[in-house]
Amino acid sequence: MRVQLTVAYDGTNYHGWQLQPNGITIESVLNQALSDLLGENITVIGASRTDAGVHSLGNLAVFDTNTRIPAEKISYALNQRLPEDIVIQESKEVAANFHPRRCSSRKTYEYKILNRQFPDPTRRRDTYFYHYGLDVEKMRKAAGFLVGEHDFKSFCSIHTSAETTVRTIYAIDVKKEEDVIAIRIEGSGFLYNMVRIIAGTLVEVGNGKLEPETLKQILNQKARNAAGPTAPAHGLTMIGIVIEDS
């Protein structure tokens, strides 16, 4: 049977999701724990290959197994074998041909900025500390120009291997609660470093280096050097993935 896992993790101590020759990754830990649990050579397929230091509340992964353990019980047994910074939120059986990267889905990410005079040591792992004042209204206005289907080549790492840089953003929301600014983005899919580059560019708007309307020009230039810097990985969390019915 094919089993789907919903995986939450603190990415601080990992070299991202995808297997790496030199470094522990979320994928490598899951493969080892599942192989030990089920007595088979298990290799998971992830929906999103998050970067080193990026967190998740609901990444999806699937794997095939011959086990007689009910799919919904695998999560309980697997969590006993995983480190405390990786926790399976759900396990369930899915169709044998289901592939998490070959289906229509809506992915949501959130980038959090701690905007205050001094750092908060309790938020050092999941927020990007930025002590200069940021204009949230300007950031929100700028973000609005990114909604819809666009060529996001300016907001993509030059090292991307994507066949096309056209993506659709369904919604972007910029909110501030106390000292934390949250940039939440929902889209059909995201390019390599896309959300972090958007966040870094919106910070440039918030600090007055760019005007909100500049975002339209940045999109049209289709050049990485037109956009702002790539914000640090630890401020980014994948909120979740919704698989849409075909």
Side-chain angles (χ1 to χ4, degrees), residues 1-110 125-126 160-163 167 186-195 233-234 236-246:
M1 67 176 170
R2 178 158 286 195
V3 178
Q4 175 182 289
L5 304 175
T6 301
V7 192
Y9 47 87
D10 177 338
T12 303
N13 296 322
Y14 299 94
H15 292 257
W17 173 276
Q18 196 171 6
L19 290 175
Q20 302 289 338
N22 301 305
I24 300 173
T25 67
I26 305 296
E27 192 174 25
S28 66
V29 172
L30 288 175
N31 287 347
Q32 186 63 59
L34 282 165
S35 297
D36 292 344
L37 172 65
L38 303 174
E40 307 171 64
N41 185 20
I42 301 292
T43 301
V44 300
I45 301 170
S48 184
R49 298 165 178 166
T50 53
D51 294 340
V54 174
H55 317 296
S56 174
L57 296 178
N59 204 349
L60 299 181
V62 299
F63 64 92
D64 295 318
T65 177
N66 295 316
T67 187
R68 301 178 74 174
I69 302 174
E72 64 274 13
K73 298 295 185 184
I74 290 175
S75 55
Y76 295 93
L78 186 56
N79 280 334
Q80 299 299 313
R81 295 173 176 266
L82 291 172
E84 62 183 4
D85 52 7
I86 304 176
V87 180
I88 307 304
Q89 304 295 303
E90 182 187 41
S91 57
K92 65 179 183 179
E93 186 173 358
V94 292
N97 63 349
F98 172 70
H99 192 296
R101 292 200 300 272
R102 296 176 187 162
C103 58
S104 179
S105 65
R106 298 170 79 99
K107 297 180 180 179
T108 302
Y109 282 87
E110 187 171 82
R125 288 187 169 213
D126 69 336
T160 184
S161 57
E163 293 181 4
R167 295 291 186 274
E186 180 184 0
S188 60
F190 296 93
L191 298 160
Y192 185 41
N193 284 347
M194 179 173 160
V195 178
H234 64 272
L236 183 60
T237 298
M238 165 183 268
I239 302 300
I241 303 171
V242 175
I243 304 299
E244 299 183 318
D245 295 333
S246 55

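Reckoned from all heavy atoms, side chains included, excluding hydrogens, waters and symmetry mates. Throughout, numbering of the chain's residues begins at 1 and tracks the sequence.
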Q: Do the side chain of His15 and the main chain of Thr25 share a donor and acceptor less than 3.5 angstrom apart?
A: no

Q: Are side-chain heavy atoms of Val54 and Met238 found at a separation under 4.5 Å?
A: no

Q: Show the nearest heavy-atom pair for residues Leu37 and Ala77, with the distance to one decimal.
A: CD1-CB, 3.8 Å

Q: Look up atom CG in Asn97 and atom CZ in Arg102, then write down how far apart they are to the nearest 0.5 Å.
A: 10.5 Å

Q: Is there a side-chain contact (heavy atoms from CB on, under 4.5 Å) between Leu34 and Thr65? Walk through the geometry before answering.
A: CA-CA 10 Å; Leu34 282 165; Thr65 177; over 6 Å; no

Q: For a quick check under 3.5 Å, do Gln32 and Asp36 share a side-chain donor-acceptor pair by atom type?
A: yes

Q: Start with the C-alpha distance between Thr67 and Glu40, add both sets of side-chain angles, then the distance that settles side chain to side chain donor-acceptor pair (under 3.5 Å), and finish with yes or no.
A: CA-CA 9 Å; Thr67 187; Glu40 307 171 64; 5.2 Å; no

Q: Tell me whether Ser91 contacts the main-chain N or O of Ala71 through its side chain, where contact means a donor paired with an acceptor under 3.5 Å.
A: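 Side chain of Ser91 to backbone of Ala71, a donor-acceptor pair under 3.5 Å: yes, one is there.
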
Q: Counting C-beta onward and ignoring hydrogens, is there a side-chain heavy-atom pair between Leu82 and Ile88 closer than 4.5 Å?
A: yes

Q: Rounded to the nearest 0.5 Å, what separation is found between the CH2 atom of Trp17 and the CZ atom of Arg49?
A: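 Trp17 CH2 to Arg49 CZ: 11.0 Å, rounded to 0.5 Å.
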
Q: Which pair of non-hydrogen atoms, one from Leu60 and one from Gln4, has the smallest distance, and what is that distance?
A: CD2-NE2, 3.9 Å

Q: Establish, yes or no, whether a centroid distance under 6.0 Å links the rings of Tyr14 and Tyr9.
A: no

Q: Is a side-chain N or O of Asn79 found less than 3.5 angstrom from the main chain of Val87, in a donor-acceptor match?
A: no

Q: Side chain of Glu110, backbone of Thr237: donor and acceptor closer than 3.5 Å?
A: no

Q: I need the Asp64 CG to Ile42 CD1 distance, nearest 0.5 Å.
A: 8.0 Å

Q: Is it true that, when you exclude Ile69 itself, more than 12 heavy atoms of the residues, nucleotides or ligands shown sit nearer than 6.0 Å to its CD1?
A: yes

Q: What's the separation between atom CD in Gln18 and atom OG1 in Thr50, rounded to the nearest 0.5 Å?
A: 10.0 Å

Q: Test your reading of the model: is there a side-chain donor-acceptor pair from Asn31 to the backbone of Val44, 3.5 Å cut-off?
A: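 Here the side-chain-to-backbone pair exists.
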
Q: Work out which heavy atom in Ala47 is nearest to a heavy atom in Pro100; give both atom names and the distance.
A: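 In terms of heavy atoms, the two residues are closest at CB-CB, 3.6 Å.
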
Q: Below 4.5 Å, heavy atoms only, C-beta onward: do Ile26 and Val29 meet side chain to side chain?
A: no

Q: Do the side chain of Ser28 and the main chain of Ile24 share a donor and acceptor less than 3.5 angstrom apart?
A: no

Q: Hey, could you give me the CZ/CG distance between Phe63 and Leu30, rounded to the nearest 0.5 Å?
A: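 It comes to 9.5 Å.
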
Q: Please find the pair of heavy atoms, one from Leu19 and one from Glu27, that lie closest to each other, and give the distance.
A: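 In this case the closest contact between Leu19 and Glu27 is N-OE1, 2.9 Å.
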
Q: So do Cys103 and Phe98 actually touch side chain to side chain, heavy atoms under 4.5 Å?
A: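 Sidechains of Cys103 and Phe98: in contact.
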
Q: Considering all heavy atoms of both residues, which atom of Gln89 and which atom of Ala8 are nearest to each other, and what is their separation?
A: NE2-CB, 3.6 Å

Q: How long is the straight-line distance from CD1 of Ile45 back to NE2 of His99, given to the nearest 0.5 Å?
A: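 Between His99 NE2 and Ile45 CD1, I get 4.5 Å after rounding to 0.5 Å.
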
Q: Backbone N or O of His234 within a donor-acceptor pair of the Arg125 side chain at under 3.5 Å?
A: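 Looks like no, no N/O pair under 3.5 Å.
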
Q: Could you check Asn13 against Asp85 for side-chain contact (heavy atoms from CB on, under 4.5 Å), going step by step and ending with a plain yes or no?
A: CA-CA 9 Å; Asn13 296 322; Asp85 52 7; 3.6 Å; yes

Q: For residues Asp126 and His55, report the shortest heavy-atom separation together with the two atoms involved.
A: CA-NE2, 3.8 Å

